[in-house]
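Just so it is clear, the values below take in all heavy atoms, side chains as well, and ignore hydrogens, waters and symmetry mates. Below, chains carry the letters A, B, ... as their sequence lines are ordered, and counting in each starts from 1.
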Amino acid sequence: MAEKGVTPRSEDYSRWYTDVVQKAELADYSPVKGCMVIRPYGYTLWENIQAALDRRFKETGHVNAYFPLFIPLSFLQKEAEHVEGFAPQLAVVTHGGGEKLEEPLVVRPTSETIIGHMYSQWIRSYRDLPVLINQWANVVRWEMRTRLFLRTTEFLWQEGHTAHATQAEAEEETLRMVGVYADFAINEAAIPVIQGKKSDREKFAGAVYSTTIEAMMGNGWALQSGTSHFLGQNFARAFDIKFLNQNNEMEYAWTTSWGLSTRMVGAIIMTHGDDQGLVLPPRLAPIQVVIVPIWRKDTEKMPVLALAHQVTAALKAAGIRVKLDDRDEVSAGYKFNDWEMRGVPLRIEIGPRDVEQNAVVFARRDMPGKEGKTFGVPVEGVARAANDMLVTLQAALLQRATAFRDANTRAVRNYDEFKQVLDGPGGFIRVHWAGSDEDEDRIKDETKATIRCYPFDAPEGEGICFYTGKRTDRVAIFARAY
RNA sequence: CGGGGCGUAGCGCAGUCCGGUCAGCGCGCUUGAUUUGGGUUCAAGAGGUCCGGAGUUCAAAUCUCCGCGCCCCGACCA
């Protein structure tokens with residue numbers, strides 16, 4: 001690893017990613033294989049993600065609850081597709097208190113089963129519906145290959161589980177929540193995700209269908225960043241979630257589930273980061289503004305620090321998450337690089353020249369060097385100016401990511417072109433698609449690209465499938481994915 | 001689990017082929033100066049059961065055998 005800075009993205013993208021995660025002190029490897037330690041800076045970022053999501057969940061009528069970590073193994077086996085999908089990834093507890101357990105307990109990989117079991121006891125009448133519950137939890141999936149934040153054995157997430165009286169209501173909920181994820185991703189994380197439906201091959205084990213938000217990472221790969229599933233009556237039948245309707249008839253409930261995990265942190269890193277390190281969207285950044293005081297002589301130190309404290313207080317009063325870096329033992333240049341690595345959106349530099357003019361210097365993280373600096377920002381009204389700059393930065397990040405995604409989204413006319421794009425520039429391939437599940441498998445085998453989603457927003461209309469040559473109005477986005 | 005690579009100071013590594021002043025380097029850390037508008041410089045210092053075990057040998061980081069662990073590539077996935 002380089003002593004300073006990170007491996008350039010162009011040299012080795014996954015190395016760059018790992019470097020950023022560790023050097024920005026977001027997370028570290030743990031002594032347990034496949035697990036990571038989320039460090040305070042990374043955890044604060046996650047807390048900000050949680051707050052932004054939780055607010056949206058509450059606004060859409062959901063409440064939080066908590067269900068147990070351990071699930072009887074037999075529960076997993078009640079839904080055939082579900083157990084088939086998750087069996088290879090389960091961690092199972094066979095002993096407790098020095099005794100062999102009568103029935104093994106699964107460490108939850110997801111909670112549809114145990115929540116389904118509880119819902120069957122809580123739901124009696126149509127008057128009990130809908131049930132709209134979310135939980136913030138950790139889950140465990142024994143993955144073969146892990147990567148910090150993107151795929152770890154244990155990860156943090158939220159999982160929403162809802163039950164409804166009608167299919168229409170449940171489907172509406174499924175779409176509402178994928179929409180909430182998209183709204184969060186776009187407006188908080190500045191990630192221009194694409195909403196769509198998963199192909200049958202990629203859907204959640206046990207779902208009727210799954211919806212997703214798909215993001216494009218800096219290397220052109222796709223990252224599934226949140227999912228919302230319509231479960232039909234599959235889990236209701238498996239767990240006997242029944243209610244009496246208004247006609248006094250017994251019916252199975254219609255359920256949904258939806259989740260978004262710490263993987264989102266990975267999405268933020270790979271959407272906005274650059275060769276200087278992390279770049280954080282202001283709305284989620286643990287530190288939105290860092291103030292770096294600069295002085296030459298001891299006589300300059302006092303007035304510079306005095307102004308720095310004054311500006312810090314002004315920003316704090318305006319509700320900005322601000323940090324004054326008054327460390328004595330490192331140089332200003334060191335601090336610049338340090339905070340750039342950590343992705344702080346706005347840096348305010350205050351030196352003797354600024355004290356004289358009663359002004360400060362703004363340096364935005366998304367633009368390197370002088371280009372991103374604004375000199376002579378008056379101290380009077382500095383909080384307002386900083387706030388405006390944060391709004392500008394938030395918009396600029398989204399705009400840049402959107403332009404990148406669009407520039408790396410291509411159409412192809414046939415399979416040869418498809419392969420050429422994947423071997424060349426990569427990115428998203430947006431095509432008409434009339435292939436079968438087997439066709440999809442074959443393409444995955446041959447190119448490693450999968451259907452990321454059938455986008456909801458598909459104004460293309462009818463066209464020719466690049467693979468089968470058939471006419472269809474279905475549009476698919478293919479990409480290599482994490 | 002299949003294929004590759006690796007385990008020596010907090011981190012990154014050299015040394016291993018050809019056993020013997022090989023316990024070394026860079027960064028980081030500590031102390032003191034110097035410097036501070038883009039990662040200052042210098043000096044002095046602290047820090048290691050060479051992954052573990054067994055064996056060969058006068059002598060093992062180095063050779064042999066057996067373990068353990070990690071990383072990368074594949075099948076699986078939020």
Side-chain angles (χ1 to χ4, degrees), chain A residues 1-5 7 12 14-15 18-19 22-23 28-34 84-90 108-111 137-159 181 198 201-205 207 210 212-215 222-229 257-267 276-277 292-298 300-301 304 325 327-341 347-356 360-361 363 368-370 372-373 375 441 444-445 448 450 481-482:
Chain A
M1 198 186 294
E3 299 305 340
K4 298 166 182 173
T7 307
D12 184 342
S14 50
R15 184 80 225 202
T18 308
D19 285 355
Q22 290 183 89
K23 295 203 165 189
D28 204 350
Y29 289 106
S30 80
V32 182
K33 181 189 156 95
E84 195 190 328
F86 282 102
Q89 303 180 257
L90 294 178
R108 65 179 161 224
T110 179
S111 302
N138 58 338
V139 288
V140 167
R141 298 181 187 177
W142 219 263
E143 301 285 355
M144 307 284 187
R145 212 167 108 50
T146 56
R147 260 175 208 277
L148 295 168
F149 288 112
L150 299 178
R151 197 184 306 99
T152 45
T153 301
E154 177 189 8
F155 58 93
L156 307 184
W157 76 345
Q158 58 68 216
E159 45 180 328
Y181 287 152
K198 281 282 169 192
R201 279 292 192 264
E202 299 278 327
K203 78 179 166 73
F204 176 74
S210 293
T212 178
I213 52 171
E214 295 285 328
L223 184 72
Q224 177 174 312
S225 308
T227 47
S228 178
H229 315 291
S257 67
W258 27 275
L260 185 148
S261 74
T262 37
R263 173 180 269 190
M264 179 54 72
V265 174
Q276 298 301 311
V292 178
I294 300 157
W295 63 84
R296 241 191 221 89
K297 292 166 271 185
D298 268 0
E300 294 169 339
K301 182 174 172 178
V304 163
D325 186 358
R327 282 179 293 176
D328 223 344
E329 66 274 17
V330 291
S331 68
Y334 182 93
K335 292 177 185 177
F336 293 171
N337 287 286
D338 199 27
W339 293 111
E340 281 169 8
M341 179 64 72
R347 177 178 73 238
I348 297 182
E349 304 170 11
I350 300 176
R353 293 205 296 267
D354 304 300
V355 173
E356 272 174 40
V360 300
V361 176
K370 273 233 159 69
K373 291 202 184 189
F375 296 89
D441 291 342
K444 183 178 181 182
D445 278 353
K448 290 179 192 161
T450 51
Y482 280 100

Tell me: [atom1] of [X] to [atom2] of [N], nearest whole Å?
{"X": "A:Ile350", "N": "B:G37", "atom1": "CD1", "atom2": "C1'", "result": "13 Å"}
{"X": "A:Asp12", "N": "B:C71", "atom1": "CG", "atom2": "C1'", "result": "13 Å"}
{"X": "A:Asn337", "N": "B:U36", "atom1": "CG", "atom2": "C1'", "result": "14 Å"}
{"X": "A:Asp298", "N": "B:A33", "atom1": "CG", "atom2": "P", "result": "12 Å"}
{"X": "A:Lys335", "N": "B:U35", "atom1": "NZ", "atom2": "P", "result": "17 Å"}
{"X": "A:Asp354", "N": "B:U36", "atom1": "CG", "atom2": "P", "result": "17 Å"}
{"X": "A:Asp328", "N": "B:U35", "atom1": "CG", "atom2": "P", "result": "14 Å"}
{"X": "A:Asp325", "N": "B:U36", "atom1": "CG", "atom2": "P", "result": "18 Å"}

Legend entry - Set of salt bridge (Lys or Arg N to Asp or Glu O under 4.0 Å) partners for A:Arg151, sequence neighbours left out: none
Inset, instruction - State which residues pass ring-ring contact (aromatic ring centres under 6.0 Å, His included) with A:Trp258; sequence neighbours excluded, sorted by chain then number. - result: A:Phe57, A:His62
Can you sort out the partners of [X] under side-chain hydrogen bond (donor to acceptor under 3.5 Å, both in side chains), two or more places apart, ordered by chain and number?
{"X": "A:Gln276", "value": "none"}
{"X": "A:Asn337", "value": "none"}
{"X": "A:Glu143", "value": "A:Gln89"}

Please measure how far the [atom1] atom in [N] lies from the corresponding atom in [M], and state the result in whole Å.
{"N": "B:U21", "M": "B:A59", "atom1": "C1'", "result": "14 Å"}
{"N": "B:U62", "M": "B:G15", "atom1": "C1'", "result": "9 Å"}
{"N": "B:G3", "M": "B:A78", "atom1": "P", "result": "29 Å"}
{"N": "B:G52", "M": "B:U8", "atom1": "P", "result": "10 Å"}
{"N": "B:U64", "M": "B:U57", "atom1": "C1'", "result": "12 Å"}
{"N": "B:C50", "M": "B:C63", "atom1": "P", "result": "15 Å"}

Extract from the structure each pairing of a protein N or O with an N or O of nucleotides 40-44 of chain B at less than 3.5 Å, listing the distance.
from  : atom 1 : to       : atom 2 : distance (Å)
B:U40 : OP2    : A:Ser331 : OG     : 2.4

Write down the partner of [N] under the Watson-Crick or G-U wobble criteria, each distance required to be under 3.5 Å.
{"N": "B:G38", "value": "none"}
{"N": "B:G69", "value": "B:C6"}
{"N": "B:C1", "value": "B:G74"}
{"N": "B:A60", "value": "none"}
{"N": "B:C25", "value": "B:G12"}

Legend entry - Touch class at under 4.0 angstrom, heavy-atom based, for A:Val292 against every strand present: nothing
Inset, instruction - Describe the nucleic acid contact of A:Arg327 in one word from base, sugar-phosphate, nothing, applying a heavy-atom distance below 4.0 Å. - result: nothing
Legend entry - A:Asp338 vs A:Trp295, nearer the 5' end of RNA chain B by closest nucleotide: A:Trp295
Legend entry - Residue whose nearest RNA chain B nucleotide is more 5′ - A:Lys297 or A:Thr18: A:Lys297
Go through the structure and list residues passing side-chain contact (heavy atoms from CB on, under 4.5 Å) with [X], not counting sequence neighbours.
{"X": "A:Ala215", "result": "A:Ile191, A:Val193, A:Met217, A:Ser225"}
{"X": "A:Thr18", "result": "A:Gln22, A:Tyr29, A:Leu148"}
{"X": "A:Thr110", "result": "A:His82, A:Phe86, A:Glu112, A:Arg141, A:Trp157, A:Glu159, A:Phe204"}
{"X": "A:Ser331", "result": "A:Tyr334"}

Atom pairs, N/O to N/O, protein against nucleotides 3-9 of chain B, distance under 3.5 Å?
none

Dump the pairs, protein N or O against N or O of nucleotides 75-78 of chain B, anything under 3.5 Å, distances to one decimal.
from  : atom 1 : to       : atom 2 : distance (Å)
B:C76 : O2     : A:Glu143 : OE1    : 3.1
B:C77 : O2'    : A:Glu143 : OE2    : 3.1
B:C77 : O2     : A:Arg151 : NE     : 2.7
B:C77 : N3     : A:Arg151 : NE     : 3.2
B:C77 : N3     : A:Arg151 : NH2    : 3.3
B:A78 : O3'    : A:Gln224 : NE2    : 2.4
B:A78 : O3'    : A:Arg263 : NH1    : 3.3
B:A78 : N6     : A:Thr152 : N      : 3.3
B:A78 : N6     : A:Thr152 : O      : 3.1
B:A78 : N3     : A:Ser261 : OG     : 2.9

Inset, instruction - Over all heavy atoms of both residues, which pair between A:Thr146 and A:Thr153 is shortest? Give the atoms and the distance, please. - result: CG2-OG1, 3.9 Å
Legend entry - Ion pair check, A:Lys198 and A:Glu214, cut-off under 4.0 Å: yes
Legend entry - A:Leu156: which of A:Val265, A:Val139, A:Asn138 passes side-chain contact (heavy atoms from CB on, under 4.5 Å): A:Asn138
Legend entry - Any donor-acceptor N/O pair under 3.5 Å between B:G39 base and A:Gln276 side chain: no
Legend entry - Any donor-acceptor pair under 3.5 Å from A:Tyr181 side chain to A:Gly259 backbone: yes
